[in-house]
Peer 1: 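Supplied in structure tokens, the structure appears directly below.
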Amino acid sequence: MKTPRVTSSAVGTAGRPELHRKHEILHRLQHERNTRLAQVNAMEADKPNANEELVKAQIAAIRLVLAEIDAAVERVQDGSYGVCHGCEVRIPVGRLEILPYVRYCVRCQQQAL
């Protein structure tokens, strides 16, 4: 499936939300990445005082999010950031503000569950 290219300039009109400039998106993704890494580091430092199985599960979940963040950075670089991998429509800006690494629009994400 070929994903349309998205430029770092703003895209307007009729259901096509404006995208943030490339460096702003990368900055947001880096912030998300740093936050998740801090969570992993805190959990690993507190392992002796916590339920080991729970900590392992939480760290694994965070590592999955880190992989999604890295994939989003690649999409920014190749110009496909902000386009749903399911239906190939633009992902609403509000969704990207909440989850800047998301691959799917809400409809396609719900269908995947």
Peer 1: For residues V89 and V83: do they belong to one hydrophobic cluster (side chain heavy atoms under 4.5 Å, members Ile, Leu, Val, Met, Phe, Trp, Tyr)?
Peer 2: no
Peer 1: Side-chain contact, heavy-atom cut-off 4.5 Å: Q109 with R95?
Peer 2: yes
Peer 1: For E53, check side chain to side chain contact (heavy atoms under 4.5 Å, CB included) against everything at least two apart and list the hits.
Peer 2: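 Counting only residues at least two positions away or on another chain, E53 forms a side chain to side chain contact (heavy atoms under 4.5 Å, CB included) with N51, K56.
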Peer 1: When rounded to the nearest 0.5 angstrom, what is the spacing between OH in Y81 and CD1 in I91?
Peer 2: 7.5 Å
Peer 1: Mind running side-chain contact (heavy atoms from CB on, under 4.5 Å) on H27 and E32 for me, showing each step along the way?
Peer 2: CA-CA 9 Å; H27 177 75; E32 289 285 332; over 6 Å; no
Peer 1: Linking I/L/V/M/F/W/Y whenever their side-chain heavy atoms sit closer than 4.5 Å, directly or via other members, would L37 and I62 fall into one cluster?
Peer 2: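 Yes, L37 connects to I62 through the hydrophobic network.
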Peer 1: Going from CD1 on I25 to CD on E97, what distance comes out if it is rounded to the nearest 0.5 angstrom?
Peer 2: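 With rounding to 0.5 Å, CD1 (I25) is 10.5 Å from CD (E97).
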Peer 1: Taking the side chain as C-beta and beyond, is there a heavy-atom pair between Q77 and L26 under 4.5 Å?
Peer 2: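 Yes, at least one pair of side-chain atoms sits under 4.5 Å.
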Peer 1: Looking at side-chain heavy atoms only, is the closest gap between Q39 and Q58 below 4.5 Å?
Peer 2: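 A side-chain contact under 4.5 Å is absent here.
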Peer 1: Would you give the length of the straight line joining atom CD1 of I59 to atom CG of L64, rounded to the nearest 0.5 angstrom?
Peer 2: 12.5 Å
Peer 1: Anything under 3.5 Å between a donor and an acceptor, one on a side chain of residues 98-108, the other on a protein residue two or more places apart or in another chain? List them.
Peer 2:
| residue | atom | partner | partner atom | Å |
| --- | --- | --- | --- | --- |
| Y101 | OH | R36 | NH2 | 3.4 |
| R103 | NE | E68 | OE1 | 2.7 |
| R103 | NE | E68 | OE2 | 3.3 |

Peer 1: Could you report the tightest heavy-atom contact between R33 and I69, atom names first, then the distance?
Peer 2: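 Between these two residues, the closest heavy atoms are N-CD1, 3.7 Å.
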